[in-house]
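Note sheet for the following structure.
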Amino acid sequence: MIKELLLGKRIGETIKINGWVRTFRNNQFIALNDGSTISNIQLVIDFKEYEDTILKRINPGTAIYAEGQLVESLGKGQKVEIKVAKLVILGDSDPEKYPLQPKRHSLEFLREIAHLRFRTNTFGAIFRVRNSLSFAIHKFFNDNGFVYMHTPIITASDAEGAGEMFKVTTLDLDDVPKTENGHADYRQDFFEQATNLTVSGQLEAELGAMAFSKVYTFGPTFRAENSNTSRHLAEFWMIEPEIAFADITDDMNLAEDLLKYVIKYTLDNNLEDLEFLQQRLIQEEKQKPQNQRSEQALIEKLEFVLNNDFERLSYTEAINILMRSKPNKKKKFKYIIDKWGADLQSEHERYLVEKHFKKPVILTDYPKDIKAFYMKVNDDNNTVRAMDILFPGIGEIVGGSQREENLEMLLKRMEEMDVPAEEMQWYLDTRRYGSAEHAGFGLGFERLVLFVTGMSNIRDVIPFPRYPGSAKF
RNA sequence: GCCUCCAUAGCUCAGUUGGUUAGAGCGGCGGACUGUUAAUCCGUAGGUCCAAGGUUCAAGUCCUUGUGGAGGCGCCA
């Protein structure tokens, strides 16, 4: 692979290499990339030895095989290069049609050709970083004694309350069998009941935690919300650890440790990619007014997160800060905070993270009315042991809580919030037999990738994004 | 779902108050050069001005509707 050759340890050896042409300069210099690194290796050919018809076929995107000696470069831009002795064109790329020219393209254009965008420096870097983050997550949990649990993607449960779901059915949509009441008759469907794509693996992960003590899920999750933002996808990947014999503080510690670990892992293993993404961001922000530019460069920002404790405060404390804040007093907020109990809007979260604390913030102990049924109610009977981690530029990256382990309390909450207990006996059994304090959270993987890469649209950090009106590729 | 903005060459964009033949850079093609670094130099082709309808003597430009895109909001991860 090119990554290994560029280390320069094999100078003098005859090298065999495959890759795709990025540029072909001066009829002599091929910049070759194979995706192993953002850097290209330079192949030097003697154009006098090749027919014009061959040279014409060396174009951006062409797949080639080459053999030759790895030598110290005579030019200035690179340390090593390959003096080509044999060159084979494996796959042509018609320059009149190939959409990736050696020039800057807009992210929007590249999104339309998502099947080719991995071949650009930017998307190569993004998806190598995505891969590292994914690996680092598994490594973190594995090293810490967690069991990786595969929770179902098709579920009959719609009780998570996490949002609109995609229906899963084999019924003929042009001729749906009906019940006596005129509703679709799911008894005739594949699973003999209504099923959906999962919105969360949490409930199943709780079942696992009550046996393995520490589990995590890491898989695709689906929301059929009509969300048109740069932070939402209809299909996204979520990490959901669940830990038994643990409270909300353990949960926060776990989330903070995990985030710091995976960020450090990419800094240690993907520095070249991050440096490229940092430059890309600087260039992009040059076009913005000064006050909208980042205060820190990308790598500096990642190191800052690594080296500082996340600010932990309660919802109540946050409301007090917000009520006393300038934008609230001067009515600059679209939604003015005037009383305890209000749901925090993203403008408020941004104020806390980006203006007030200038660091990641963990908000805890939210009013129970604005949170899910399974969260443990505090002694004040008004708040629940929920925690959200807010990141600058991203907003909510983690949402978690200590779970209600007391059966009576849980049943009461389900009744209050109209969650059908009879359908969830399997879940309630965890509270019937050996119930124990436990907690967990959900981490939006793409939001993590957004933060680490400095990209601003979530559709650019997943290979083939799914969002309202779009399921191409 | 709501609000704002945008749509002109393969890409990025300019196009004046509505006025004759719609421009540039990059890319493509042809040639030159041959240690280049998104090479350089010379030449050249390339347009359903998003779609439909309307206003007007005249529409890339104004109006309406639709489609696509971007940003923001809500829902959340």
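Chain identifiers are assigned alphabetically (A, B, ...) following the order of the sequence lines, protein sequences preceding nucleic acid strands; residue numbering begins at 1 within each chain.
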Query - Contact pattern, 5' to 3', of nucleotides 25-35 of chain B - B, S or - by protein heavy atom under 4.0 Å - result: BBSSSSS-BBB

Query - Sequence-aligned protein contact record of nucleotides 4-9 of chain B, with B where the base is within under 4.0 Å of a protein heavy atom and S where only the sugar-phosphate is - result: ------

Requested in this report: Could you grab the distance from atom CG of A/L277 to atom CD of A/E275, nearest 0.5 Å is fine?
Outcome: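 Answer rounded to 0.5 Å: 10.5 Å.
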
To the nearest Å, give me how far apart [atom1] ([X]) and [atom2] ([N]) are.
{"X": "A/L116", "N": "B/C11", "atom1": "CG", "atom2": "C1'", "result": "14 Å"}
{"X": "A/D343", "N": "B/C76", "atom1": "CG", "atom2": "P", "result": "7 Å"}
{"X": "A/R231", "N": "B/A77", "atom1": "CZ", "atom2": "C1'", "result": "11 Å"}
{"X": "A/Y467", "N": "B/G68", "atom1": "OH", "atom2": "C1'", "result": "10 Å"}
{"X": "A/E164", "N": "B/G74", "atom1": "CD", "atom2": "P", "result": "18 Å"}
{"X": "A/N228", "N": "B/G1", "atom1": "CG", "atom2": "P", "result": "7 Å"}
{"X": "A/L390", "N": "B/A77", "atom1": "CG", "atom2": "P", "result": "12 Å"}
{"X": "A/R111", "N": "B/G71", "atom1": "CZ", "atom2": "C1'", "result": "11 Å"}

Suppose you measure atom [atom1] in [N] against the same atom in [M]; what distance do you get, rounded to whole Å?
{"N": "B/A14", "M": "B/A32", "atom1": "P", "result": "37 Å"}
{"N": "B/G69", "M": "B/U12", "atom1": "P", "result": "14 Å"}
{"N": "B/C13", "M": "B/A52", "atom1": "P", "result": "24 Å"}
{"N": "B/C3", "M": "B/G27", "atom1": "P", "result": "43 Å"}
{"N": "B/A9", "M": "B/C49", "atom1": "P", "result": "10 Å"}
{"N": "B/G10", "M": "B/G47", "atom1": "C1'", "result": "12 Å"}
{"N": "B/A22", "M": "B/U16", "atom1": "P", "result": "15 Å"}
{"N": "B/U4", "M": "B/C63", "atom1": "P", "result": "14 Å"}

At under 4.0 Å between heavy atoms, what does [X] touch on the DNA or RNA strands: base, sugar-phosphate, or nothing?
{"X": "A/R22", "answer": "nothing"}
{"X": "A/I239", "answer": "nothing"}
{"X": "A/S346", "answer": "sugar-phosphate"}
{"X": "A/S106", "answer": "sugar-phosphate"}

Query raised in the report: Is the distance between the ring centroids of A/Y148 and A/F141 less than 6.0 Å?
Result: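 Distance test on ring centres: not under 6.0 Å, no.
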
Query - Sub-6.0 Å ring centroid separation between A/F445 and A/F218 - result: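 That pair passes the under 6.0 Å test.
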
**Report entry** hbond_proxy A/R223 side chain to B/A77 base (donor-acceptor, 3.5 Å cutoff)
**Finding:**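 Donor-acceptor pair under 3.5 Å: yes.
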
Query raised in the report: When the nearest nucleotide of RNA chain B is assigned to A/G469 and to A/I397 on a heavy-atom basis, which residue is associated with the more 5' position?
Result: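 Nearest nucleotide further toward 5': that of A/G469.
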
Query raised in the report: Nearest nucleotide by nearest heavy atom, which residue falls closer to the 5' end of RNA chain B, A/I370 or A/F24?
Result: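 So the residue in question is A/F24.
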
Query raised in the report: Does A/F109 have any ring pair (Phe, Tyr, Trp, His ring centres under 6.0 Å) partners at least two apart in sequence or in another chain, and if so, which?
Result: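 Checked A/F109 against ring pair (Phe, Tyr, Trp, His ring centres under 6.0 Å); matches are A/H105.
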
Query - Check: A/E206/A/Y374 side-chain N/O donor and acceptor closer than 3.5 Å - result: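 Judged by distance alone, the side chains do not pair up.
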
Give me, pair by pair, the N or O atoms of the protein and of nucleotides 65-67 of chain B that are less than 3.5 Å apart, along with how far apart they are.
none

Would you say [X] has more than 12 foreign heavy atoms packed within less than 6.0 Å of its [atom1]?
{"X": "A/R10", "atom1": "CZ", "answer": "yes"}
{"X": "A/E13", "atom1": "CD", "answer": "yes"}
{"X": "A/K264", "atom1": "NZ", "answer": "no"}

Name each donor-acceptor pair under 3.5 Å that joins a side chain in residues 72-80 of chain A to protein atoms two or more places apart or in another chain, with its distance.
from: A/S73; atom 1: OG; to: A/G75; atom 2: N; distance (Å): 3.1
from: A/S73; atom 1: OG; to: A/Q78; atom 2: NE2; distance (Å): 3.0
from: A/S73; atom 1: OG; to: A/E81; atom 2: OE1; distance (Å): 2.8

Requested in this report: Could you give me the CA-CA distance, side-chain angles and deciding distance for A/R280 and A/E284, then say whether salt bridge (Lys or Arg N to Asp or Glu O under 4.0 Å) is met?
Outcome: CA-CA 6 Å; A/R280 194 206 69 83; A/E284 186 184 85; 3.1 Å; yes

Requested in this report: Can you sort out the partners of A/S230 under side chain to side chain donor-acceptor pair (under 3.5 Å), two or more places apart, ordered by chain and number?
Outcome: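 A/S230 satisfies side chain to side chain donor-acceptor pair (under 3.5 Å) with no other residue.
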
**Report entry** Under the side chain to side chain donor-acceptor pair (under 3.5 Å) test, residues paired with A/N121 that sit two or more places apart
**Finding:**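 Side chain to side chain donor-acceptor pair (under 3.5 Å) list for A/N121, sorted by chain: A/R22.
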
Query raised in the report: Where are the stems of RNA chain B, defined as at least 3 consecutive Watson-Crick or wobble G-U pairs with both distances under 3.5 Å?
Result: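 Stem list for RNA chain B: B:1-7 with B:67-73, B:10-13 with B:23-26, B:28-32 with B:40-44, B:50-54 with B:62-66.
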
Extract all donor-acceptor atom pairs below 3.5 Å that involve side chains of residues 126-135 of chain A and protein atoms in other chains or at least two apart in sequence.
from: A/R128; atom 1: NE; to: A/D273; atom 2: OD1; distance (Å): 3.2
from: A/R128; atom 1: NE; to: A/D273; atom 2: OD2; distance (Å): 3.1
from: A/R128; atom 1: NH1; to: A/G35; atom 2: O; distance (Å): 2.9
from: A/R128; atom 1: NH2; to: A/D273; atom 2: OD1; distance (Å): 3.1
from: A/R130; atom 1: NH1; to: A/E446; atom 2: OE2; distance (Å): 3.0
from: A/R130; atom 1: NH1; to: A/V461; atom 2: O; distance (Å): 2.8
from: A/R130; atom 1: NH2; to: A/E446; atom 2: OE2; distance (Å): 3.0
from: A/S132; atom 1: OG; to: A/N270; atom 2: OD1; distance (Å): 2.5
from: A/S132; atom 1: OG; to: A/N270; atom 2: ND2; distance (Å): 3.4

Report task. Give every residue pair that meets the side chain to side chain donor-acceptor pair (under 3.5 Å) criterion with at least one member in residues 332-353 of chain A, sequence neighbours excluded. Result ->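 The answer is A/T316-A/W340.
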
Requested in this report: Check salt bridge (charged side-chain N to carboxylate O under 4.0 Å, His left out) between A/D92 and all other residues, then give those that pass, not counting sequence neighbours.
Outcome: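 Checked A/D92 against salt bridge (charged side-chain N to carboxylate O under 4.0 Å, His left out); matches are A/R57.
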
**Report entry** Where at least one partner belongs to residues 447-473 of chain A, residue pairs that pass ring-ring contact (aromatic ring centres under 6.0 Å, His included), sequence neighbours excluded
**Finding:**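 Of all non-adjacent pairs touching residues 447-473 of chain A, those that pass ring-ring contact (aromatic ring centres under 6.0 Å, His included) are A/H115-A/F473, A/F118-A/F464, A/F391-A/F451, A/F464-A/F473.
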
Query raised in the report: When you check the phosphate oxygens OP1 and OP2 of B/U36, does a side-chain N or O of A/T23 lie under 4.0 Å from one of them?
Result: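 It does not, given that no N or O in the side chain of A/T23 lies less than 4.0 Å from OP1 or OP2 of B/U36.
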
